[in-house]
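Read through the structure below, which is laid out as structure tokens, and then see the notes.
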There are 2 protein chains.
Amino acid sequence: MADVAGRAGVSSQTVSRVSNGMTNVDVATRDRVLAAMDELGYRPNSAARALKTGRFRSIGVIMFTLSTFGNMRTLDAIATASAEADYSITLIPVALPTQGEVAGAVSRLSEQAIDGIVIIMEAHMLDRADITLPEGLPVVIVDSDAGSRYTVVDADQAQGARLATEHLLDLGHRSVWHIAGPKSSFSAVRRTDSWRQTLHEHRIEAPEVLYGDWSAESGYRHGLALGARPEVTAIFAANDQMALGVLRALHELGRAVPESVSVVGFDDTEEASSFWPPLTTVHQDFSEVGRLCIAALLHEIETTSHETGTTIVPTRLVVRESTAPVS
Amino acid sequence: MADVAGRAGVSSQTVSRVSNGMTNVDVATRDRVLAAMDELGYRPNSAARALKTGRFRSIGVIMFTLSTFGNMRTLDAIATASAEADYSITLIPVALPTQGEVAGAVSRLSEQAIDGIVIIMEAHMLDRADITLPEGLPVVIVDSDAGSRYTVVDADQAQGARLATEHLLDLGHRSVWHIAGPKSSFSAVRRTDSWRQTLHEHRIEAPEVLYGDWSAESGYRHGLALGARPEVTAIFAANDQMALGVLRALHELGRAVPESVSVVGFDDTEEASSFWPPLTTVHQDFSEVGRLCIAALLHEIETTSHETGTTIVPTRLVVRESTAPVS
DNA sequence: GTGAAAGCGCTAACAT
DNA sequence: ATGTTAGCGCTTTCAC
């Protein structure tokens, strides 16, 4: 910076002003500085700036794995929204969803140059005594049960599961079987609870829940078991991958979809419309969730306020060809 | 840090030594400092450290979108490998794969606190005159044609396409039709070239190429066209999603897979084994690619050497149930 | 094994 | 509109 100042014949302070787009600089001077910057290939040093301002213009993101559709889409939206606000994203991956791993990530995070944190995981992971979020660092949590202590943004899991279940019931099915996500996932639990609740409201006793692990393989296994039972005519899988596995199992068993069994998924992945048959599923607006996350976080960062609260993004049912009235 | 020094009754310099794990500190002193750090909740300020050392311990990643399986898996591996080396990842998303957008990302990147860059995209995007990578910043590129100017790590696209094509030929198919990825993707082009070359070596004239856009929907459209032609008995899709679309089209058309038509994909996504029928596909080791990327980059960063070169990771064919001998 | 001094590149506050 | 001064929190150098 001193070099630039020297070349442009001004003080380094003026260079700083130009660099930060302040308006109180003479146009001619500004041009001269800009030219000097260009010639010297000047790039501001963000470390020095951060040291001075105490702000890093970066947001830390903690997540288990990128390998689920929802996490990936949420991350994508978060990255885009941050970029628009001129914040960068610092990724802190967590190898395993164990509390020890999370504790490690949080401690690594606290040494990072960040202004706020987005956590994409169950908040109950954060309840352990040995996990302390760095004080004074705004936090927003996605996919979580954290009621009032943190700011939470999430899709309306309960409404989505209700939509799926009622759709199947409206089609005349006597009951709806459910292949759930892992018990450790709060969104999976909410979907399951809502499915049970919906059946209950229709005076139907919920069948036993089958627990999968989000993978198509687990959907296939449970699909094989369910498909073997003639009374099963409607299956609600807690995500599209497991629904794909169910579809495969049903095909193998020779049970026609949707003529003999109806199947509904959750997420509305890109591929769901190309399954065979195209899958009826619940659409989650991950982009909106990511956007709201960043909006809430930036608000906290820039106003240093601390209003926790939960924001819920609605879901909607996308009806395709994997569901039909009972025959 | 001064607070800690005061509390422990040492100089701030000693605190720094403890903080950096230097060995030349008396055990008793170290314990005292550690205790003081703990009580005061001391966290080193990475900006100040970076300002001094000129190192940020962070790697910038430029990518178009997280929404393809390969990019996501590669990013996951990169994040994990970096974390192991105690580097964090700074994401620079690029909204659109246009050169203007890339130029913007690169310029944003140059102001970031990073020690090196991983670019997951076609290198020819970087050839535009108005895109200048910050000098002195090590760069590694994935999925690219950048021969000698940059360090490149990628899966062996050509070998994968050859494996797929020869598998089909070995099964007795007279020819192999190909649904390619977009022409703007270098890996797509390499797969197409290799498919054509393989047919050529078997003295078969390559049929006209159908270009998709990686989406299942585009695979479906081309699958519909191909399935209507009885002479088409073997289809090689350039990724698993397009293969999924092909499968759907073939089902709709009433052409049995694999009895009437064999289908091969590329990538070996988690779900491919749960397609109906389970998909024969080419497995890419994205994790290995990500790992090697970071290894190469860290080498350049830490030795300040600048040896460019290309590292190729082999692929392998996973035979499942979507391929069979011609009947 | 430990401390004192200097300075990394930048910006906030004040002066002109 | 521009310059001067001071200092952010840390590490490097050189003493002791």
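A, B, ... follow the sequence lines: proteins, then strands. Residue 1 opens every chain.
Checking the phosphate oxygens (OP1, OP2) of dC10(C), no side-chain nitrogen or oxygen of Ser16(A) falls inside 4.0 Å. OP1 or OP2 of dT2(D) has at least one side-chain nitrogen or oxygen of Thr29(A) nearer than 4.0 Å.
Listed nucleotides dT11(C), dG3(D), dG9(D) differ in distance to Thr14(A); the shortest reach to its side chain belongs to dG3(D). Side-chain proximity of Arg49(A) to dT11(C), dG3(D), dT11(D): nearest is dT11(C). If you check dT2(C), dG3(D), dC10(C) against the side chain of Val10(A), the one that comes closest is dG3(D). The listed nucleotides are dT11(C), dC10(D), dT2(C); the one nearest the side chain of Ser12(A) is dT11(C).
More than 12 heavy atoms of other residues, nucleotides or ligands lie within 6.0 Å of CD in Gln13(A), so this atom counts as buried by the packing criterion.
Look at CE on Met37(A): it is 15 Å from P on dG9(C), rounded to the nearest Å. Atom-to-atom, NZ of Lys52(B) to P of dA5(C) comes out at 16 Å; the value is rounded to the nearest Å. In this structure, Arg55(A) atom CZ and dG9(C) atom P are separated by 24 Å, rounded to whole Å. As a whole-Å value, the separation of Met22(A) CE from dT11(C) P is 9 Å. Here dA12(C) presents its C1' atom at 10 Å from CZ of Arg17(A), a figure rounded to the nearest Å. The distance between atom CD of Gln13(A) and atom C1' of dA6(D), rounded to the nearest whole Å, is 12 Å. One can place CZ of Phe56(B) at 12 Å from C1' of dC10(C), the figure rounded to the nearest angstrom. Computed from coordinates, the Leu51(A) CG to dT11(C) P distance equals 11 Å when rounded to whole Å.
Looking at heavy-atom distances under 4.0 Å, Asn24(A) makes contact with a base.
Between Ala48(B) and Arg32(B), the residue whose closest nucleotide on DNA chain C is further toward the 5' end is Arg32(B). For Asp26(B) and Asn45(A), each mapped to the nucleotide of DNA chain C holding its nearest heavy atom, the one lying further toward the 5' end belongs to Asp26(B).
With contacts defined as side-chain heavy-atom distances shorter than 4.5 Å, the pair Val118(B)/Thr74(B) does not qualify. Within the 4.5 Å cutoff, the side chain of Gln157(B) has heavy atoms near those of the Gln284(B) side chain.
Using a 4.0 Å cut-off between charged nitrogen and carboxylate oxygen, Asp267(B) and Arg73(B) do not count as a salt-bridge pair.
At a cut-off of 3.5 angstrom, the base of dG9(D) holds no donor-acceptor pair with the side chain of Arg43(B). For Arg30(B) and dG1(C), a side-chain-to-base donor-acceptor distance below 3.5 Å is absent, hydrogens and geometry of angles not being considered.
Remark: of the listed residues Leu298(A), Ile89(A), Val61(A), Ile89(A) is the sole one forming a side-chain contact (heavy atoms from CB on, under 4.5 Å) with Ser82(A).
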